[in-house]
**Student:** 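Mind having a look at this structure? Questions to follow.
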Amino acid sequence: MISLPLVYTILALIAYTSSFWYLFMHLMSKRPANPWFIGIVSGLGLILHASVLHNDILTPLGINYDVFNLMSFTSALMLLLSMLYSTYRPVLSLNLIGIPVAAFGLILGFGFSKPDQFIEQHSLGLDIHIILSLSAYAVLLMATIQAVLIWFQNRELKKKQKKRIWVNFLPAYQAMESLLFDMLITGFVLLTVALCFGFFTIDDFFAQHLAHKTVFSIVSWFVYGALLIGHYKFGWRGQKAIRFTMIGFFLLAIGFIGSKFVLEMILHR
């Protein structure tokens with residue numbers, strides 16, 4: 001018998017594929033895509049994606065923190081934010097990245113998640129801290145991808161190449177850079193709130209499995225804070241913004257992804 005989550009997963013993938021193909025064909029033919037169609041179809045996919053996540057993550061025993069569930073949640077949030085950003089920035093084409101990422105995350109979450117990955121001692125405050133941390137990670141991952149795309153654009157502009165693939169395919173450089181700092185501000189605020197929740201809700205914030213994660217997160221917070229101050233006070237942008245963004249996320253990823261992967265996939269804890 002076909003389960004309801006499987007039906008939702010298939011329907012979500014159909015919605016994602018339809019919106020991706022519609023946007024891709026319009027961009028290739030250089031015709032303006034209808035943002036309402038993209039929003040409605042992708043939004044339907046996200047609603048179905050959320051239904052699958054609700055079944056996998058929110059259980060009677062608490063939130064299931066399986067690594068594949070977290071990847072599915074992160075990918076869905078990335079697409080949601082990408083759609084929101086494209087409502088006020090001319091960056092609709094960037095959903096060509098967000099849509100397949102969400103589809104891939106959905107497949108991983110549905111196909112590989114384990115039903116028993118719970119934290120033994122948890123509270124509402126701790127759950128909020130974890131969700132905020134994941135949200136911050138998703139936004140800052142988007143900012144890092146954005147920084148890489150800007151680097152490609154900047155490289156083509158400086159070398160004055162005749163065939164400008166990234167310059168022609170992506171939105172205007174100024175819009176891309178403005179979006180980068182929108183993402184950085186959002187991610188920095190989420191990371192700040194997540195760290196504050198952690199300090200107030202976790203009894204031993206520097207416990208054995210949290211110490212290095214805490215240190216790397218705080219150092220990353222300082223890097224992002226320095227970049228934002230430098231941008232709005234001293235006009236930092238371009239290569240300097242790209243370097244700071246990538247360094248900040250590298251530190252954050254070491255603390256979050258590294259510890260999660262080692263504890264769950266290698267040590268089975």
**Student:** Is there a side chain to side chain contact (heavy atoms under 4.5 Å, CB included) between Leu94 and Leu170 once you walk through the steps?
**Tutor:** CA-CA 7 Å; Leu94 291 181; Leu170 295 172; 3.9 Å; yes
**Student:** Show, in sequence, the C-alpha distance, side-chain angles and deciding distance for Asn34 and Tyr22, and conclude whether the side chain to side chain donor-acceptor pair (under 3.5 Å) test is met.
**Tutor:** CA-CA 9 Å; Asn34 187 335; Tyr22 171 84; 5.0 Å; no
**Student:** Working to the nearest 0.5 Å, report the span between CG of Leu190 and CD1 of Ile185.
**Tutor:**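 Leu190 atom CG to Ile185 atom CD1 measures 12.0 Å (nearest 0.5 Å).
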**Student:** Is there a donor in the side chain of His49 and an acceptor in the side chain of Tyr16, or the other way round, less than 3.5 Å apart?
**Tutor:**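 A donor-acceptor contact under 3.5 Å links the two side chains.
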**Student:** Do other residues, nucleotides or ligands put more than 12 heavy atoms under 6.0 Å from Tyr8 OH?
**Tutor:**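 At most 12 heavy atoms, drawn from other residues, nucleotides or ligands, come within 6.0 Å of this atom.
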**Student:** Tell me, please, which residues at least two apart from Trp221 pass ring pair (Phe, Tyr, Trp, His ring centres under 6.0 Å).
**Tutor:**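 Partners of Trp221 by the ring pair (Phe, Tyr, Trp, His ring centres under 6.0 Å) criterion, ordered by chain and then number, come out as Phe188.
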**Student:** Name all residues meeting the ring pair (Phe, Tyr, Trp, His ring centres under 6.0 Å) criterion together with Phe249; count only those two or more places apart in sequence or in a different chain, and write none if there are none.
**Tutor:**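 For Phe249, the residues satisfying ring pair (Phe, Tyr, Trp, His ring centres under 6.0 Å) (neighbours in sequence not counted) are Tyr137.
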**Student:** Could you check whether any side-chain N or O of Ser86 sits under 3.5 Å from a backbone N or O of Ser82, counting only pairs where one atom can act as donor and the other as acceptor?
**Tutor:**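 A pair under 3.5 Å: yes.
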**Student:** Could you check whether any side-chain N or O of Ser42 sits under 3.5 Å from a backbone N or O of Gly39, counting only pairs where one atom can act as donor and the other as acceptor?
**Tutor:**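 Side chain of Ser42 to backbone of Gly39: no pair is present.
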**Student:** Consider side chain to side chain contact (heavy atoms under 4.5 Å, CB included). Of Thr74, Leu108, Ile57, which one does Asn69 pass it with?
**Tutor:**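 Result: among Thr74, Leu108, Ile57, Ile57 is the only option passing the side chain to side chain contact (heavy atoms under 4.5 Å, CB included) with Asn69.
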**Student:** Please check if the side chain of Ser72 supplies one atom and the backbone of Phe68 the other of a donor-acceptor pair under 3.5 Å.
**Tutor:**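 Judged by distance alone, no pair lies under 3.5 Å.
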**Student:** Can you list everything that forms a salt bridge (Lys or Arg N to Asp or Glu O under 4.0 Å) with Asp56? Sequence neighbours excluded, please.
**Tutor:**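 None.
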**Student:** Can you name the residues that form a ring pair (Phe, Tyr, Trp, His ring centres under 6.0 Å) with Phe169, not counting sequence neighbours?
**Tutor:**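 Residues passing ring pair (Phe, Tyr, Trp, His ring centres under 6.0 Å) with Phe169: none at all.
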**Student:** Can you tell me if Gln146 uses its side chain to pair, donor with acceptor, with the backbone of Met176 under 3.5 Å?
**Tutor:**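 Indeed, once roles are kept as given, a pair shorter than 3.5 Å links the two residues.
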**Student:** Only counting residues at least two apart or in another chain, list the ones meeting side-chain hydrogen bond (donor to acceptor under 3.5 Å, both in side chains) with Gln153.
**Tutor:**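 Residues passing side-chain hydrogen bond (donor to acceptor under 3.5 Å, both in side chains) with Gln153: none at all.
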**Student:** Would you confirm whether Glu177, through its side chain, and Ile150, through its main-chain N or O, come within 3.5 Å as a donor-acceptor pair?
**Tutor:**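 No.
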**Student:** Side chain of Ser220, backbone of Phe216: donor and acceptor closer than 3.5 Å?
**Tutor:**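 Checking the backbone N and O of Phe216 against the side chain of Ser220, no donor-acceptor pair under 3.5 Å is found.
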**Student:** Restricting to ring pair (Phe, Tyr, Trp, His ring centres under 6.0 Å), what partner residues turn up for Phe244, sequence neighbours left out?
**Tutor:**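 Partners of Phe244 by the ring pair (Phe, Tyr, Trp, His ring centres under 6.0 Å) criterion, ordered by chain and then number, come out as Trp236.
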**Student:** Are any side-chain N or O atoms of His129 and backbone N or O atoms of Ala194, one a donor and one an acceptor, separated by less than 3.5 Å?
**Tutor:**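 At least one qualifying donor-acceptor pair exists.
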**Student:** Using side chain to side chain donor-acceptor pair (under 3.5 Å), reason through Thr245 and Tyr224 one step at a time and then give a plain yes or no.
**Tutor:** CA-CA 7 Å; Thr245 301; Tyr224 286 121; over 6 Å; no
